[in-house]
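Scope of the values below: all heavy atoms of this structure, side chains included, with no hydrogens, waters or symmetry mates. Counting starts at 1 for both ligands and their atoms, in listed order.
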Amino acid sequence: MTESHTSNVERTEDPGRSQFVVVANRLPVKLADDGSWSLSPGGLVSAMLPVMRERTGAWVGWDGSAGGNDDRFEFEGIRLSTVAISQQEHDDYYSGACNETIWPLYHGSIEAAQFHRETWAAYRDVNRRFADAACAEVAEGGTVWVHDYQLQLVPQMIREQRPDAKIGYYLHIPFPPLELLARLPWRQQVLDGLLGADVVGVQTQADARNVLSGVRRFCKRDDVTFAADGGIVRSAQTTSVVKAFPISVDYAAIAAESATDDVDLGVKRLRNELGDPEVVLLGVDRLDYTKGIDLRLKAIRELLIERRLDPRKTAVVQVAVPSREDVLGYDEVRNRVEQLVGTINGDFGELGRPVVQYIHKSLPFSELLVLYRAADVLLVTPFQDGMNLVAKEYAASRVDERGALVLSEFAGAAEELTDSFLVNPYDTEGLKDQIEAAVAMEEDEEQRRMAAMRTQIESNDLAAWAKAFLALLAMA
Ligand code: GDG
């Protein structure tokens, strides 16, 4: 997915209403200060843009700018309906409730979650506006698909206004176990909000179990009952199916682009520029404290110190895409990461040849593909991650059936990619052993594992994910 500036954003005169409406905090494009549009970064947009391109419909979301008015545009045939967010709402709803309360809590409270009544009030208000915008956009009997942790109250708010609509909800991040959810002062509101949907989709079986145990514990209304298989919750007004739908990538598109001569040439050029190392280790992440970038650099540093990795024969590339820079915790992780990069390069680099190439910006997807194809080992070591699309993109791109994946047990992708080198990222010694094993793997073993991961992703690709979710929703 390229981050390049785009001008194909057009005003629509007659908005009409749509049979299919996606509602997400962010629109697929964001507005820069200079008035230009570019693709929004991150996993949700990577996943949903191809899904929308296959269908006609509208996308309700925020354009990333503070202030402004609600508006309607067209982008690549998709109707965009913007929900304006003021600077105060940005601070309270987005930075506050979404990214200082829910994000850390749902990712295992790696950073302490903040609980503030005033930011939660903003969360409710903004959720209400998204629900109103969705109701204005969806045609009679149409389908609304609400996405992610920023909009957990929206399904119920739509249900109250539009009982005719089919409402789906998908959570892209993990849903916390009872002991963490219990801390949230607004846990019952959240669960009631989700249960406004006919289908509540989550990434993994563990997430589905967590939603259901949250409902059992905290929705103490007499009218709530469970079907025998535990996945269906009934109340007087609604029936919700709670189910895991592991999200995926557009396997065919990635494999096709990766098989081009341009990518082959790019790989040769890149490895040459890196000094023709024997081993290229790669990390690609939003610069987020959940992703465990610092841990993997610490493990690499120790492997270099112990001479289990040879600094003259190893190149490490870490792409860290800027993210949420004004939110608590992000500054610290950036400092930790950059300090480690500096220490490793200071101790092990040569003049003109650092061991770690660190890139703190977003790259065009074509360049990510070259990196994926050039990497002997991809390191995906989050403390907690809904799925992790980077891991799946890497395998999809390896048309040469080479390359190894070191993958955290705490990424949703670990439920499926069992031919990776699974690691507990908290266990530095274990992580080091697995990196070393991945580097040392024999070629036939490498091929067997990569082929198995690719087959898994090919038969469970993004289109299959969307189709499975929407088929269940259509039956609701
Ligand atoms: C959330 C959940 C879940 C990365 N760097 C660049 C770039 N990317 C693209 C990747 C990938 C996406 O961003 C990142 O997706 P992830 O899944 O790895 O992570 P999150 O952003 O945290 O996504 C996650 C996902 O939603 C989907 O449900 O898997 O668990 O946290 O597609 O390619 N894209 C470009 N330049 C970059 O430098 N163009």
Undergrad: Hey, which atoms in ligand 1 end up nearer than 4.0 Å to a heavy atom of Phe365?
TA: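 Going through ligand 1 atom by atom, the ones under 4.0 Å from Phe365 are 33 (O), 39 (N).
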Undergrad: Using heavy atoms and a threshold below 4.0 Å, how should the contact between Leu368 and ligand 1 be classified: side chain, backbone, both, or neither?
TA: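 The side chain, only.
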Undergrad: Does Arg402 offer a backbone N or O that forms a donor-acceptor pair with the side chain of Gln447 under 3.5 Å?
TA: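 Checking the backbone N and O of Arg402 against the side chain of Gln447, no donor-acceptor pair under 3.5 Å is found.
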Undergrad: Are Phe410 and Phe383, when compared by the centres of their aromatic rings, separated by less than 6.0 Å?
TA: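 When the ring centroids of Phe410 and Phe383 are compared, they turn out to be at least 6.0 Å apart.
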Undergrad: Applying a 4.0 Å heavy-atom criterion (strictly less than), which segment of Leu389 is in contact with ligand 1: side chain, backbone, both, or neither?
TA: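 Within the 4.0 Å criterion, Leu389 contacts ligand 1 through backbone and side-chain atoms alike.
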Undergrad: Atom 28 (O) of ligand 1: which of His172, His107, Lys291 has the nearest heavy atom?
TA: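 The residue whose heavy atom sits nearest atom 28 (O) of ligand 1 is His172.
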Undergrad: Do Ser18 and Arg79 have side chains that get closer than 4.5 Å, going by heavy atoms?
TA: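 Ser18 vs Arg79: side chains touch.
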Undergrad: Identify whether the distance between the nearest side-chain nitrogen and carboxylate oxygen of Asp198 and Arg159 falls below 4.0 Å.
TA: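 The answer is yes: the pair qualifies as a salt bridge.
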Undergrad: Less than 3.5 Å between some nitrogen or oxygen of Val321 and one of ligand 1, yes or no?
TA: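 Not met; the criterion fails.
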Undergrad: Look only at interatomic distance and state if Glu393 has a nitrogen or oxygen under 3.5 Å from any nitrogen or oxygen of ligand 1.
TA: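 In this structure, Glu393 places an N or O atom under 3.5 Å from an N or O of ligand 1.
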Undergrad: Where on Met387 is there a heavy atom closer than 4.0 Å to ligand 1, on the side chain, on the backbone, on both, or on neither?
TA: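 For Met387, backbone and side-chain atoms both sit under 4.0 Å from ligand 1.
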Undergrad: Answer yes or no: does an N/O atom from Val319 fall short of 3.5 Å to an N/O atom of ligand 1?
TA: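 It does not: no N or O of Val319 is found under 3.5 Å from an N or O of ligand 1.
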Undergrad: Trp103: heavy atom below 4.0 Å from ligand 1, yes or no?
TA: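 It does; at least one heavy atom falls under 4.0 Å.
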Undergrad: What about Trp62 and Phe130, are their ring centers closer than 6.0 Å?
TA: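 For Trp62 and Phe130, the ring centres are not under 6.0 Å apart.
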Undergrad: Exactly one of Ile167, Leu195, Ile232 should register a side chain to side chain contact (heavy atoms under 4.5 Å, CB included) with Ser240. Which one does?
TA: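 It is Leu195, the one option of Ile167, Leu195, Ile232 that forms the side chain to side chain contact (heavy atoms under 4.5 Å, CB included) with Ser240.
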Undergrad: Using only atom types and a distance under 3.5 Å, with no angle test, would you say the side chain of Gln152 pairs donor to acceptor with the backbone of Tyr149?
TA: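 Indeed, once roles are kept as given, a pair shorter than 3.5 Å links the two residues.
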Undergrad: Check ligand 1 against Gly386 and write out every atom of the ligand that is under 4.0 Å from a heavy-atom position of the residue.
TA: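 What qualifies from ligand 1 is 30 (O).
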Undergrad: Are Arg271 and Asp376 ion-paired here, with the side-chain N under 4.0 Å from a carboxylate O?
TA: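 Asp376 and Arg271: salt-bridged.
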Undergrad: Out of Leu363, Leu39, Leu369, Thr290, who gets a non-hydrogen atom closest to atom 38 (O) of ligand 1?
TA: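 Residue with the shortest heavy-atom distance to the ligand atom: Leu363.
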Undergrad: Quick check on Glu367 - does any of its heavy atoms sit under 4.0 Å from an atom of ligand 1?
TA: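 Under 4.0 Å: no for Glu367.
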Undergrad: Find all atoms of ligand 1 within a distance of less than 4.0 Å from any non-hydrogen atom belonging to Arg286, and give their numbers and elements.
TA: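 Near Arg286, the atoms of ligand 1 are 20 (P), 21 (O), 22 (O).
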Undergrad: Taking NZ, NE, NH1 and NH2 as the nitrogens, is one of them in Asp294 or Arg336 under 4.0 Å from a carboxylate oxygen of the other?
TA: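 Looking at Asp294 and Arg336, the cut-off is met.
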Undergrad: Indicate, as side chain, backbone, both or neither, the part of Asn388 found under 4.0 angstrom from ligand 1 when only non-hydrogen atoms are considered.
TA: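 Within the 4.0 Å criterion, Asn388 contacts ligand 1 through backbone and side-chain atoms alike.
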Undergrad: Which ligand 1 atoms are under 4.0 Å away from a heavy-atom of Asp385?
TA: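 So the atoms of ligand 1 that pass are 24 (C), 30 (O), 31 (O).
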Undergrad: When the aromatic ring centroids of Tyr170 and Trp465 are compared, is their separation below 6.0 Å?
TA: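 They qualify: ring centres under 6.0 Å apart.
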